[in-house]
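Heads up, the thing below is written out as structure tokens.
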Protein chains: 2
Amino acid sequence: MLDQTIDLDRTFQALADKSRRNMVERLTLGPASVTELAEPLAMSLAAVVQHVQVLEACGVVKTEKVGRTRMCRIEGAAMTAAEGWIADRRRGWEARLDRLGDILNEAATAEETS
Amino acid sequence: MLDQTIDLDRTFQALADKSRRNMVERLTLGPASVTELAEPLAMSLAAVVQHVQVLEACGVVKTEKVGRTRMCRIEGAAMTAAEGWIADRRRGWEARLDRLGDILNEAATAEETS
DNA sequence: CGTTTGGTCAAGCATCTACTTGAGCATATG
DNA sequence: CATATGCTCAAGTAGATGCTTGACCAAACG
């Protein structure tokens with residue numbers, strides 16, 4: 001719960017990149033090594049490792065060394081927090097629009113009966 | 001639907017900043033002028049305008065000039081798209097974890113009866 | 001043992017980001 | 001009309017980001 005702001009910063013930042021979203025998408029299918037994640041991407045392995053580090057820093061993925069390969073898997077909490085932040089705002093503005101709709105309906109009814 | 005990728009890039013990028021999330025939060029309560037958005041933030045008005053432009057470029061807010069003030073309001077679609085992308089991935093990994101759970105349960109049952 | 005494979009580390013570089021200041025301009029307001 | 005207000009624009013800056021290359025290391029494999 002502490003540092004929720006900085007984590008939201010980092011999480012949204014992490015997701016703001018097509019290559020990293022590609023990796024996340026791959027990892028939703030199950031764990032994968034760094035080279036597997038690199039396979040569809042047109043960049044050096046070193047660059048992919050850096051992307052993985054970004055995803056790990058914000059808690060979206062966890063990694064673990066198995067022999068000489070680094071296995072990556074998704075860790076839902078951070079992404080769910082980001083999703084939750086948007087959902088909370090959406091509830092806010094939807095409630096407001098509902099109230100606005102009610103007011104307009106009342107006004108229309110008052111207009112009809114006047 | 002076209003350029004969904006570039007818009008996701010921009011939307012997540014827009015949300016990856018505390019000041020801009022602050023503005024979004026304020027706008028969920030209803031429309032506001034640029035100076036109103038600037039009020040809680042410790043930065044120049046010019047900087048706030050630049051943040052508004054970022055939010056507008058990704059479609060999260062719409063603005064309109066009324067006299068000499070620029071009114072801003074939230075425009076749900078872009079944020080809902082971002083929320084939806086995360087939700088889709090979550091459904092993916094949750095389904096996978098459910099299947100994994102089923103397999104483990106079956107294995108445990110088989111173990112018991114063996 | 002030698003070689004491949006999978007990854008790690010560090011340095012460098014172009015670009016982007018989040019500001020700033022200062023000048024200017026068009027609508028209010030007294 | 002004069003002044004204040006609410007932006008708008010342009011230029012500049014420090015630091016972050018997304019890569020690259022090249023050297024290196026340690027776990028497989030034949």
Side-chain angles (χ1 to χ4, degrees), chain A residues 3 5-27 30-73 78 82, chain B residues 3 5-27 30-73 78 82:
Chain A
D3 278 340
T5 291
I6 204 170
D7 282 336
L8 275 181
D9 271 28
R10 285 209 252 227
T11 304
F12 280 127
Q13 177 73 23
L15 297 179
D17 183 282
K18 190 158 128 63
S19 302
R20 285 192 294 257
R21 284 200 307 279
N22 187 313
M23 295 179 195
V24 168
E25 210 143 341
R26 167 63 188 82
L27 289 173
S33 70
V34 174
T35 19
E36 282 176 293
L37 293 179
E39 200 260 317
L41 302 172
M43 67 180 70
S44 70
L45 187 65
V48 173
V49 171
Q50 288 171 48
H51 280 307
V52 168
Q53 284 167 355
V54 170
L55 289 168
E56 194 166 17
C58 68
V60 164
V61 312
K62 296 276 183 205
T63 78
E64 189 191 359
K65 265 234 154 180
V66 179
R68 70 184 164 181
T69 83
R70 176 169 298 278
M71 289 305 286
C72 312
R73 64 188 160 75
Chain B
D3 279 338
T5 293
I6 202 169
D7 282 335
L8 275 181
D9 272 28
R10 287 209 250 226
T11 303
F12 281 128
Q13 176 74 16
L15 296 178
D17 182 282
K18 190 158 128 62
S19 302
R20 285 192 294 257
R21 285 199 307 279
N22 187 312
M23 296 180 194
V24 167
E25 210 142 343
R26 166 62 188 81
L27 290 174
S33 70
V34 174
T35 18
E36 282 178 292
L37 292 179
E39 200 260 317
L41 302 171
M43 67 180 69
S44 70
L45 186 64
V48 174
V49 171
Q50 287 170 50
H51 280 308
V52 169
Q53 284 167 355
V54 170
L55 289 168
E56 194 166 17
C58 68
V60 164
V61 312
K62 295 278 184 204
T63 79
E64 188 191 359
K65 265 235 151 178
V66 179
R68 71 186 164 181
T69 82
R70 176 170 298 280
M71 289 304 287
C72 311
R73 63 189 161 72

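To find a chain, count down the sequence lines: A is the first, B the second, and so on, and within it residues start at 1.
Taking atom NZ on A:Lys18 and atom C1' on D:dG18, their separation rounds to 15 Å, with Å as the unit. Between A:Phe12 atom CZ and D:dT17 atom P the separation is 16 Å, expressed in whole Å. Distance A:Glu64 CD to C:dG6 C1': 16 Å, rounded to the nearest Å. When the C1' atom of C:dC13 is taken as reference, atom CE of A:Met43 falls 17 Å away, rounded to whole Å. As a whole-Å value, the separation of A:Leu45 CG from D:dC19 P is 13 Å. Per the geometry, CG belonging to A:Asp9 stands 15 Å off P belonging to C:dT17, to the nearest Å. Between the CD atom of A:Glu39 and the P atom of C:dT5 there is a distance of 15 Å, rounded to whole Å. Spacing between atom CD of B:Gln53 and atom P of D:dC7 amounts to 13 Å, rounded to whole angstrom units.
For B:Thr35 and D:dT5, the shortest distance from a side-chain N or O to OP1 or OP2 is not below 4.0 Å. Within the structure, every side-chain polar atom (N or O) of B:His51 is placed at least 4.0 Å from both OP1 and OP2 of C:dT17. Regarding contacts with the backbone of D:dT8, a side-chain N or O of B:Lys65 is found under 4.0 angstrom from either OP1 or OP2. The phosphate of D:dT8 (OP1 or OP2) has no side-chain N or O of B:Arg68 nearer than 4.0 angstrom. Note on B:Ser33: a side-chain N or O is less than 4.0 Å away from OP1 or OP2 of D:dC7.
When distances are taken from the side chain of A:Gln13 to each of D:dG18, D:dC7, C:dT21, the shortest belongs to D:dG18. Picking from D:dG6, C:dT21, C:dT8 the nucleotide with the shortest atom distance to the side chain of B:Ala46 gives C:dT21. For A:Ala47, the side-chain atoms get nearest to D:dT20 when compared with the rest of D:dT20, C:dC19, C:dG7. Of all nucleotides listed (C:dG6, D:dT20, D:dC7), C:dG6 comes nearest to the side chain of A:Thr69. When the nucleotides C:dT8, C:dC19, C:dA18 are ranked by their closest atom to the side chain of B:Arg20, C:dA18 comes out on top. Comparing atom distances between the B:Asp17 side chain and each of D:dC7, C:dG6, C:dA18 picks out C:dA18 as nearest. Closest contact between the side chain of A:Ser44 and the listed nucleotides C:dG7, D:dT21, D:dC7 involves D:dT21.
Interatomic distance, A:Leu27 CG to A:Lys62 NZ, rounded to the nearest 0.5 Å: 13.5 Å. In this structure, CG on B:Leu37 lies 11.0 Å from NE2 on B:His51, to the nearest 0.5 angstrom.
Residue A:Cys72 is tested with A:Val52, A:Val24, A:Leu55 for a side-chain contact (heavy atoms from CB on, under 4.5 Å); the sole match is A:Val52. Tested against B:Met23 for a side-chain contact (heavy atoms from CB on, under 4.5 Å), the candidates B:Val60, B:Val48, B:Val34, B:Val61 yield a single pass: B:Val48.
Between the side chain of A:Gln50 and the base of D:dT20 there is at least one donor-acceptor pair of N/O atoms closer than 3.5 Å.
Side-chain N or O atoms of B:Arg21 include one that pairs as donor or acceptor with a backbone N or O of B:Leu15 at under 3.5 Å. Between the side chain of B:Arg20 and the main chain of B:Gln13, a donor-acceptor pair closer than 3.5 Å is present.
Judged by closest nucleotide on DNA chain D, A:Ala16 is the one of A:Ala16 and A:Gly67 placed further toward the 5' end.
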